[in-house]
Every structure is written in structure tokens, then in C-alpha cells.
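Some notes on the structure that comes next.
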Amino acid sequence: MSSTTTRRSLSPAPGIAGVVAVGAALAAGELAAVPISPDASPYFAVGSSVVDLSPKPVRDWAIDTFGTADKLALFVGMGVLIAVLAAACGYLERRRPPLGSLVVVAFGVVGVIAALNRPNATWTHALPSVVAGIVGVLVLRLLLAQLAPRRAGAVTDGAVTDGAGADDADARPAERASMSRRFVLTAAGVAAVAVAAGVVGRKMLTDTAGIIADRARILLPTPRTSAPPVPDGVDLSDSGATPFMTDNDDFYRIDTALQVPTLTTEDWRLRIHGDVDKEVTLTWDDLLAMPMTERIVTLTCVSNEVGGDLVGNARWLGVPMSEVLDLAGVKPGSDMLLSTSIDGWTCGTPISDVTDGRDALLAIGMNGSPLPFEHGYPVRQVVPGLYGYVSATKWVVDWEITRFSEAKAYWTTRGWSAMGPIKMASRFDRPADNSEHPAGEVIVAGTAWAQHTGIERVEVRVDQGPWQPAELAEEYSIDTWRQWRFPWQATKGEHTLECRAIDKLGRPQIERYQATAPDGASGLDDHVYTIV
């Protein structure tokens, strides 16, 4: 008796069952998280853990590649990976039960671990992932039960069957049954319910009606000291440079929060403790009762590459951080302000940089309005001269006075420098790199910054020639960026232009290239132009 091997294309039914089942599980997890906490959502708990546990090279690559869209890229990547694994669960369960179910259960276990590791988590944070695992297994088995049973001598779901009398005729009935009308309707119905449940759950978890109303009620107080007006000569945006002031909507956002915290002014508290004379807890009303200061300050992200745009300049309103520290009294020998966000992110700031007279603010306003939600509403920190990862805590709720020898913050535990003074930098804003221009005068314009030191001059060189002075805009303050322009008499051919800044202490910016880790990028920005 001869043996015949029959191969058929892989049936999509088990894969569809797996995807629908895991989708239903995620939707159930979202709904179950509503009465507990947004941090209990399995999807976002796992996503946050991915961010926290990502190796430094991966995190750097994500920011360099996707910039402020890094969170969207993470969500898309997770969605694709989950869909692939979910489909695999369907095939595993169809062919080797209960392997597929065990993988779904493993998904739930990962969610439990991730949720329990979120800041301020309690045992209840595990429940949504447990619910998700149960729903996933039940839906997977429900859908697969509606497929035709595997039978000897037939090819189902793309399997290879060896046996006497096995042929395509034997296989086709099972294949057709696997995509029966009943299966399709059930899968479609479950998918529709899952989408609806997921949307409702996500909307309830991110219900911003209360916080929107809270922000709308805020009337910012008149500052004790206002920011000086911006002179006309400060802004060279008509030459193509970046506008001197950055709109809130255009201000860069780099943080680890996958879900923007929804913290109201009524719920906000700032606890100040550690090496202090007395522990203090501030409420929103306490903060508003303190004299306010308004200042224009440039902020920079440590992940900003040479020539990058992770830098912005805004008008900030807040209480000087030194005055807030005075309420508690800092004990001698303490050198770190360890601040914590409502989402658990931590930041270590040198106390000396908060108390040396610079305009370090516990800010409540940005460009004349309450802080935007994604920029730290209701309260955040602004410290001139320091990269954001060691200074600019958003949604700040806790200050611990300690020592660098005794504590580490979020990014320093991941290999970044404990101190983060901003490195002087300059960049080209226009014309665009690799652009083409007619011979003659070409106006090259850009921006430079040396926060808390100030820019003295900017120079440009063409094709490694001598450095030539650029025209500087009027300086607003040493804590803001400064714009420049360079009228270039361009000749035909391809040319490379470089720029560099010199600060008020006479120091040129570092020309040697260094990547962003561990304490900020350095090197000269260059643009290539073709002159015709």
C-alpha cells in the first residue's frame, strides 16, 4: 500500500481565532481596569514596562529614529507583535492543544507582573490581566470548537497528512468547514463586541472631562516679577530661523509616560521630605498663595542629536524652587533633590543648581496659559542650564532631599550621567540640508544656545575654510537660545557648511562628535548645499 503526501495552503481560520481571542482579552482587560487604575490596563502596563526595561541603545535608537513619535511607534510595534503571536496561539491550540491556551495564559501572567510593578500598585492591579487571560482562553476555545474536527487522512489547517487513501478530496470538506458561516459570524460578532468594549474601556480610562474642566477654571495669578518684554531684534524668524518663542503645540515632548496622567489641582500634593528640618506637604492653594515669577527659559532634551529639534523656548510662570525648599529647610550635606512624577518617574537635580540664584521654577503656566496636560499639568519643574532628564520633572508630586551618593534616579540607573549640564550647541535652521540654490547670496540662518552662560558669537565655515562671523540677533537672556544669520556668497558646486558657537566665557563648543549618551551630544552641525 502506497503512502501519499498532500499539501494544501494554510487555512487562516485558526489564526483569525487567535487574533480575535487576544483582542477580546485586551478589551476585557481595559474594561476591568476602569474601576482600578489606568496603570492596571494590561496593554499599557506591559508597554510601560517595555519602556522601563529597554536597553539604552534601543531607547536611543527609538528617539533618534522616531523623535516625539516614539510612543506611537511603540504602540504600533506592540500591536503588530501581539497580532502575530495571537495568530500563532490559534494554530498551536488547533494542532497541539492546550499549547495555544497556555500562551494566552502566559500573556496574562506578563500583564500581572507588569501591572504589579507600576508605581503605587496594589494587588488589585493584577485583576485586569487575570480577567484578560481568562477571556482570551475562553474565546479561543469557543472559536476553535466551531471548526471541523481534525480527522485521520485529511489535511486541515495546512497540516501535512500521510496515510492510505488521503487525497485532496478528503481534505476539502474539512477545509471548507473550518471557515464555515457559523465560525465567521461568531468571530465577527466577538470582534465587534471586543472593539466596542475596548473603545469604551479606553475612553473611560482616559476620561479627561474632569481635568479639562479643572484646567479651564484656572486663572493664572499675576507674577511678582514678570519676564522682560522680547525686543524686536531678538527674533530673526524672517530670515528662516526658528521663531524665538515656541508655541505650546510645537514644543517637544520626550518622557516615559505612555498615558498622560490626569491629575487635578484638587488632588495635587507636593510632599517634601528626607534630609529636611521639617516635612512639608503643599497643596495647590498653598502654591498659589506664594509669590510667582515669570521667566522665558529654553529647555533641551539630552536625547537631542547634533542639529536636532528637541529644544524649545517658552514663557514659564511659577514659584522659585529655592523658596519652596526654604519651607522645609535643607539640612547641611544634602546635595540632591530627588523629584518624583505621579507616574513614578524620578529625577535627580543638584540642589546647588536650584539655589544658586538661577530661575529654577516650580511652574504652573506655559506661554500665558496653564500647563498643557502633556507638559506636566498641573505642576512641573523648569531649571535653566540642565537637561530635562535631571531637572524637568512633569506632574511632580514628591521631593526627597538626599545625596547623590545615596540615591539614583530613573535615567542614572540606566547608565546616564548623574549630572546633566546642557552642552553648548548651534544648528542650521535654513536652508534645508541637501537643497539646491542659484549662485549668489544665500542667507543661512540658525539657532545657538549655551543656557545659563550665554552665546557670545557664532561662526560659519565653508568647505573647511576659515571661520567667519555670523550676524547675531539681540540677546534676550543667558537662559534662552540666540538666533543668527550668515549672508553667504555662494559659488557653483557642492559645498559643506559648518557652524559653531562660542559662549560668554570664550569657550567654543565641542567639535568632537559624541552621541547623546551618557551626558548629551556634541559636535558640529553641517549642511550640504548644491549651487547651480
Side-chain angles (χ1 to χ4, degrees), residues 64-69 230-247 250-252 298 300 304-313 423-451 454-476 480-504 506-516 520-532:
D64 294 344
T65 304
F66 302 107
T68 55
V230 179
D232 292 338
V234 164
D235 196 331
L236 294 182
S237 57
D238 58 349
S239 296
T242 299
F244 179 71
M245 298 298 296
T246 307
D247 292 338
D250 296 329
F251 209 93
Y252 75 92
T298 297
T300 307
N304 196 43
E305 288 281 4
V306 173
D309 60 359
L310 300 182
V311 56
N313 190 48
K423 294 180 179 179
M424 177 170 37
S426 59
R427 74 178 187 201
F428 292 99
D429 290 342
R430 66 148 295 180
D433 193 17
N434 294 309
S435 55
E436 186 176 284
H437 306 275
E441 185 176 81
V442 176
I443 300 298
V444 179
T447 311
W449 54 89
Q451 282 104 314
I455 293 292
E456 180 66 27
R457 66 183 187 273
V458 172
E459 299 174 333
V460 177
R461 68 181 176 188
V462 181
D463 298 330
Q464 293 289 308
W467 288 106
Q468 304 175 58
E471 299 173 4
L472 279 180
E474 187 175 337
E475 181 183 66
Y476 178 80
T480 59
W481 56 15
R482 194 170 184 181
Q483 297 177 339
W484 58 269
R485 66 192 295 272
F486 178 70
W488 171 40
Q489 297 302 319
T491 58
K492 291 184 178 181
E494 184 176 273
H495 302 281
T496 300
L497 275 64
E498 298 169 289
C499 60
R500 72 172 181 181
I502 294 89
D503 68 14
K504 287 183 174 293
R507 300 172 301 190
Q509 73 177 82
I510 301 170
E511 296 188 17
R512 174 182 51 82
Y513 174 78
Q514 176 186 299
T516 56
S522 65
L524 301 181
D525 189 23
D526 60 59
H527 273 198
V528 176
Y529 301 119
T530 300
I531 307 301
V532 296

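The two residues Ser435 and Pro431 make their nearest non-hydrogen contact at OG-CB, 3.7 Å. Closest non-hydrogen pair, Asp463 versus Glu494, comes out as OD1-O, 4.3 Å. Shown here for Ala473 and Gly233, the closest heavy-atom pair between the two residues is CB-O, 3.4 Å. Scanning all heavy atoms of the two residues, the minimum distance from Glu511 to Trp467 falls at OE2-CZ2, 4.1 Å. Closest approach of Arg430 to Gly240, counting heavy atoms only: CD-CA, 3.1 Å. Between Ala470 and Val460, the closest heavy-atom pair is CB-CG2, 4.4 Å.
Taken from CZ in Arg500 to CE in Met424, the straight-line distance is 10.0 Å, to the nearest 0.5 Å. To the nearest 0.5 angstrom, Phe244 atom CZ is 8.5 Å from Trp481 atom CH2. Thr496 OG1 to Gln464 CD: the interatomic distance, rounded to the nearest 0.5 Å, is 8.0 Å. In this structure, CH2 on Trp484 lies 11.0 Å from CD on Glu471, to the nearest 0.5 angstrom. To the nearest 0.5 angstrom, Asp503 atom CG is 7.0 Å from Ile455 atom CD1. Atom CH2 of Trp449 and atom CD of Gln509 lie 9.0 Å apart (nearest 0.5 Å).
You'll find the side chain of Asp433 stays beyond 4.5 Å of the side chain of Phe428, heavy atoms only. A heavy-atom distance below 4.5 Å is not found between the side chains of Thr491 and Ile531. Side-chain atoms of Arg427 and Asn304, non-hydrogen and from C-beta on, never get closer than 4.5 Å to each other.
Electrostatic pairing of Glu459 and Arg457 counts as a salt bridge here, judged by a charged N lying under 4.0 Å from a carboxylate O.
A donor-acceptor pair is defined here as one N or O able to donate and one able to accept, closer than 3.5 Å; no such pair exists between the side chain of Thr300 and the backbone of Val311.
There is a side-chain donor-acceptor pair under 3.5 Å between Asp429 and Thr242.
Ring pair Trp488/Tyr529 is tilted by interplanar angle, where 30° to 60° counts as tilted.
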message: With side-chain contact (heavy atoms from CB on, under 4.5 Å) as the criterion, how do Val444 and Leu497 come out once you've worked through the C-alpha distance, each side chain's angles and the decisive distance to 0.1 Å?
response: CA-CA 9 Å; Val444 179; Leu497 275 64; 3.9 Å; yes

- request: Apply side-chain contact (heavy atoms from CB on, under 4.5 Å) to His495 and Val442, showing your working.
  value: CA-CA 12 Å; His495 302 281; Val442 176; over 6 Å; no

- prompt: side-chain contact (heavy atoms from CB on, under 4.5 Å) between Lys423 and Gln514: does it pass, once the steps are laid out?
  reply: CA-CA 11 Å; Lys423 294 180 179 179; Gln514 176 186 299; 3.1 Å; yes

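Enclosure of atom CG in Asp238 by more than 12 non-hydrogen atoms of other residues, nucleotides or ligands within 6.0 angstrom is indicated.
Across Thr447, Asn313, Thr480, a single residue satisfies side-chain hydrogen bond (donor to acceptor under 3.5 Å, both in side chains) together with Thr298, and that is Asn313.
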